[in-house]
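Residue numbering restarts at 1 for every chain, and letters A, B, ... go by the order of the sequence lines.
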Amino acid sequence: MRVRFAPSPTGIPHVGNIRTALFNWLFARHHRGSFIVRIEDTDIVRRVKGAVEAILDSLRWLGLDWDEGPEVGGDYGPYFQSQRLEIYQEVAQRLVQGGHAYLCYCSAERLEEMRREQVKRKQPPGYDRRCRNLSEKERADLEAQGIIPVVRFRTPLEGQVKFQDLIRGEVVFDSETLDDFVLLKSDGYPTYHLANVVDDHLMKVSHVLRADEWLSSTPRHMLLYHALGYGPPKFAHLPMILGSDRAKLSKRHGATSVIWYRDRGYLPQAMVNFLALLGWSLDDKTEIMSREELISNFSIERIGKTAAIFSQEKLAWMNGVYIRQLDIEELVEWLMPFLERGPPQRVKRPISRDYVRRIAPLLQERMRTLEEGVELADFFFLEELDYAPDLLLERGLSRERGVQALSAAMEHLKASSFDASSLEGVLRPLAAELGLKTGEFFGLLRVATTGRTAAPPLFETMAVLGRERCLKRIEEALERLK
RNA sequence: GGCGCAUUCGUCUAGGGGUUUAGGACACCUCCCUCUCAAGGAGGAGAUCGCGGGUUCGAAUCCCGCAUGCGCCA
């Protein structure tokens with residue numbers, strides 16, 4: 001089996017595009033078939049520089065390796081449609097000669113005018129077929145005017161186009177609702193319809209898994225396959241992924257590119273797992289699945305029919321699950337780059353990996369993304385803490401009691417060993433001695449040592465910070481209270 | 001405007017004629033654990049299965065209409 005992911009480089013790929021790629025990839029890997037990447041760069045006006053790299057980067061990040069396509073080549077290349085122009089032109093010519101297509105000389109202005117008229121009369125827009133039956137002479141006249149024609153498909157005027165969709169079942173369209181669509185533009189570039197059909201055939205694609213938005217063009221493709229004498233591939237139209245407003249994903253939805261999630265500290269394995277569950281499910285409860293489990297369980301039969309809304313909340317939760325599954329060394333590996341370029345600019349770099357190794361366990365179950373982890377950890381790296389003095393008394397202590405408690409803590413800490421359990425052994429009795437609830441005392445020390453009311457467990461945190469820094473920070477806290 | 005597709009908790013979904021007082025997950029709430037925050041555990045609330053007709057002894061599940069949404073056609 002051979003499947004392909006055929007993106008147009010018209011922008012940064014969003015999660016919907018990549019989910020399509022993922023399903024194709026899962027299908028290929030499940031059946032031990034081939035996963036092909038083909039760049040459909042025939043729309044020169046909408047082409048965006050850097051888009052191809054963004055697409056490839058997205059795939060690479062998620063580990064969706066391709067067997068044929070850009071960079072790796074293959075037996076059916078080239079895999080950029082812009083390098084296959086002659087093929088399409090040749091096919092278009094063949095279609096004209098065979099009577100399945102014809103040359104159209106209508107100007108853009110005329111078509112525009114026609115369309116306006118149709119809309120005004122509330123008729124479905126579509127080419128009025130003026131050039132469908134031009135005589136030799138008429139054509140010669142137009143040609144003599146120097147007009148460069150487009151090639152249009154000679155769509156059957158009646159009958160039906162039927163096909164079996166692997167997800168939707170039988171889909172039927174009346175031919176009369178289809179107009180004579182353009183195959184080859186006047187600049188010699190093919191339209192999506194032509195290039196797509198020709199390449200899927202030439203590249204021996206067996207299954208086309210693509211987004212639902214293409215369902216309406218499928219009858220055109222079927223007609224083309226038929227006219228060309230090609231056997232069509234099997235089709236499976238995937239439910240769309242929508243934004244929170246239920247509209248097709250687009251740039252105005254903001255956070256939709258997978259690159260954005262990568263840069264925000266999401267793990268690729270979490271993204272893959274999450275995306276796989278958008279429109280596909282294994283059963284009524286399994287949610288966390290490894291790449292291997294996804295591959296072995298994936299099947300088109302279990303793809304749903306209804307569009308799904310992309311939920312960042314659930315993705316974040318799942319990412320947290322994956323972060324917690326990492327062993328410390330892996331977590332450190334993921335964290336390092338984020339810490340290196342993370343927020344506090346005052347922190348001196350490079351950052352010590354050994355130090356991070358001690359911090360990571362304290363962060364692990366508190367972060368849903370690596371970026372969150374960095375935010376959580378700032379006080380481990382900052383030289384100077386910055387917080388409002390009132391924070392120290394947040395738990396309702398009086399200033400005097402606060403001063404007294406911090407001073408007592410200082411004294412005891414000077415003598416104590418600085419591992420977590422020793423600290424606990426010293427500090428817990430001290431709270432009782434001071435007549436403070438543990439929450440009050442530890443809360444006070446937490447703010448003093450971290451500048452926060454919420455942080456990882458106090459003793460572990462202090463142990464990592466070390467005696468010197470803790471004493472210095474407590475001292476500073478005392479200043480603040482005075 | 002035409003055509004197509006879809007419609008189960010706020011969201012992702014299971015479920016495809018009786019096993020369903022419709023199951024799970026996220027989010028939300030409560031409690032437990034607890035030095036805070038998390039994580040974890042136990043509960044809770046949340047869906048007359050879009051609406052209306054049919055078929056059937058019985059329908060979320062099958063059929064037909066309608067509505068709504070989305071998509072394509074420019």
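Nearest heavy-atom pair across A:F310 and A:M271 is CZ-CE, 4.3 Å. Here the closest non-hydrogen pair linking A:L465 and A:C470 is CB-SG, 3.9 Å.
Residues from residues 361-372 of chain A with heavy atoms under 4.0 angstrom of RNA chain B, sorted by number: A:E365, A:R366.
Side-chain atoms of A:K314 come within donor-acceptor range of the base of B:A25, with a qualifying N/O pair under 3.5 Å.
Side-chain proximity of A:T177 to the nucleotides B:C12, B:G2, B:A25 is greatest for B:G2. Nearest to the side chain of A:T438, among B:G4, B:U13, B:C35, sits B:C35. Closest to the side chain of A:E287, from the set B:C12, B:U13, B:A25, is B:A25. Picking from B:A27, B:U36, B:U7 the nucleotide with the shortest atom distance to the side chain of A:P457 gives B:U36. Proximity note for A:W317 (side chain, C-beta onward) versus B:C12, B:A6, B:C26: the nearest is B:C26. Listed candidates were B:G23, B:C5, B:C35. Nearest to the side chain of A:K285 is B:G23.
Between the side chain of A:R401 and the main chain of A:L434, a donor-acceptor pair closer than 3.5 Å is present. Between the side chain of A:R262 and the backbone N or O of A:V258, no donor-acceptor pair lies under 3.5 Å. Of the possible polar contacts, one joining the A:N273 side chain to the A:E287 backbone as a donor-acceptor pair under 3.5 Å is found.
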Quiz prompt | Where protein sits on nucleotides 68-74 of chain B, one letter per nucleotide: B base, S sugar-phosphate only, - none, heavy atoms under 4.0 Å | solution = --SBSSS

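Nucleic acid contact for A:V172: sugar-phosphate only, since backbone atoms but no base atoms lie under 4.0 Å from a heavy atom of the residue. Within the 4.0 angstrom heavy-atom criterion, only backbone atoms of the sugar-phosphate kind lie near A:R324; the bases stay farther away. At a threshold of 4.0 angstrom between heavy atoms, the contacts of A:F441 with the nucleic acid are absent. At a threshold of 4.0 angstrom between heavy atoms, the contacts of A:A308 are confined to the sugar-phosphate backbone, with no base atom among them.
Contacts classified as ring-ring contact (aromatic ring centres under 6.0 Å, His included) and involving residues 395-454 of chain A (residues at least two apart or in different chains) are given here: A:F442-A:F459.
For B:U34, there is no paired base (Watson-Crick or G-U wobble, both distances below 3.5 Å). With a 3.5 Å ceiling on both atom-pair distances, the Watson-Crick or G-U wobble partner of B:G43 is B:C29. Judged by Watson-Crick or G-U wobble contacts below 3.5 Å, the nucleotide B:C5 has B:G69 as its partner.
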Protein N or O to nucleotides 14-19 of chain B N or O, pairs below 3.5 Å:
from	atom 1	to	atom 2	distance (Å)
B:A14	OP1	A:S281	OG	3.1
B:A14	O3'	A:R302	NH2	3.3
B:G15	OP1	A:R302	NH1	2.9
B:G15	OP1	A:R302	NH2	3.2

Which pairs, protein N/O on one side and nucleotides 41-46 of chain B N/O on the other, fall under 3.5 Å?
none

Could you go through nucleotides 60-65 of chain B and list every protein N or O atom that sits under 3.5 Å from one of its N or O atoms, giving the distance for each pair?
none

Quiz item: Should A:E440 and A:R395 be marked as a salt bridge (Lys or Arg N to Asp or Glu O under 4.0 Å) after you check the CA-CA gap, both sets of side-chain angles, and the distance that decides it?
Solution: CA-CA 6 Å; A:E440 292 173 320; A:R395 308 217 59 174; over 6 Å; no

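The cationic atom of A:R220 (NZ for Lys, CZ for Arg) does not lie both less than 6.0 Å from the six-membered ring centre of A:F153 and within 45° of the ring axis.
Between A:E440 and A:F173, it is A:F173 whose nearest contact on RNA chain B lies nearer the 5' terminus.
Between A:Y88 and A:H193, the distance from one ring center to the other does not fall under 6.0 angstrom.
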